[in-house]
Amino acid sequence: MSNTSLIFESEPELSSVVYNQSIDSFICVATIKAPEFETDDSQKRAGIDIVAVLDRSGSMEGEKMQMLHQTVNLMIDNLKECDRLSIVSYDSSVDISLPLTKMTASGKSAAKIALSKIKPKGGTNLSG
């Protein structure tokens, strides 16, 4: 019999909130993991292309940037060799941190290196 359980994990922005204090916003990264879907070779899924556009402006300092890195690393870990990923980062300028790359072992390594170099800086100017 196969496993049909879903696994739910969450990573809150704050570890605690004072009971009598309100906050305007609260960020949480949620991960839902389904069991592996087993197929024969004739049922392999088509590859997907993902362009991750990441805010690296100064407002992303601290836990926001940490959560962004954790989330993108999780995505990289779960992509298949048939998938391709590009990473674009922006603040007051836009950079292609990783061109569209197949997610082979070496592609995943390149993606993680490119992601690790994305640090908060500057402001946000999307209008050019």
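- Sequence neighbours left out, not one pair with a member in residues 5-18 passes salt bridge (charged side-chain N to carboxylate O under 4.0 Å, His left out).
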Could you go through residues 109-120 and list every donor-acceptor pair under 3.5 Å that involves a side-chain atom there, pairing it with any protein atom two or more places apart or in another chain?
| from | atom 1 | to | atom 2 | distance (Å) |
| --- | --- | --- | --- | --- |
| K112 | NZ | D77 | OD1 | 2.6 |
| S116 | OG | I113 | O | 2.7 |
| K119 | NZ | S116 | O | 2.9 |

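- Under the rule for a side chain to side chain donor-acceptor pair (under 3.5 Å), N73 has no partner lying at least two apart in sequence or in another chain.
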Side-chain donor-acceptor contacts of residues 14-34 below 3.5 Å, not counting sequence neighbours, with atom names and distances?
none

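- For the atom pair M60 CE and M65 CE, the distance stands at 5.0 Å (nearest 0.5 Å).
- Of the inter-residue distances, the one linking K108 atom NZ with T101 atom OG1 reads 13.0 Å to the nearest 0.5 angstrom.
- Grouping the Ile, Leu, Val, Met, Phe, Trp and Tyr side chains by contacts below 4.5 angstrom, directly or via other members, places M75 apart from V51.
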If you look only at distance, which donor and acceptor atoms sit under 3.5 Å apart when one is on a side chain in residues 78-88 and the other is two or more places apart or in another chain?
| from | atom 1 | to | atom 2 | distance (Å) |
| --- | --- | --- | --- | --- |
| N78 | ND2 | L74 | O | 2.8 |
| D83 | OD1 | R45 | NH1 | 2.8 |
| D83 | OD1 | R45 | NH2 | 3.2 |
| D83 | OD1 | I48 | N | 2.9 |
| D83 | OD2 | R45 | NH2 | 2.6 |
| D83 | OD2 | K80 | N | 2.7 |
| R84 | NE | D49 | OD1 | 2.9 |
| R84 | NH2 | D49 | OD2 | 2.6 |
| S86 | OG | L98 | O | 2.8 |

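- Around atom CG of L100, more than 12 heavy atoms belonging to other residues, nucleotides or ligands sit under 6.0 Å away.
- Residues Y90 and L54 have side chains not in contact (no heavy-atom distance under 4.5 Å, counting atoms from C-beta outward).
- Considering only residues two or more places apart in sequence or on other chains, S89 meets the side chain to side chain donor-acceptor pair (under 3.5 Å) condition with R56, S97.
- Atom CD of Q66 and atom CD of E61 lie 11.5 Å apart (nearest 0.5 Å).
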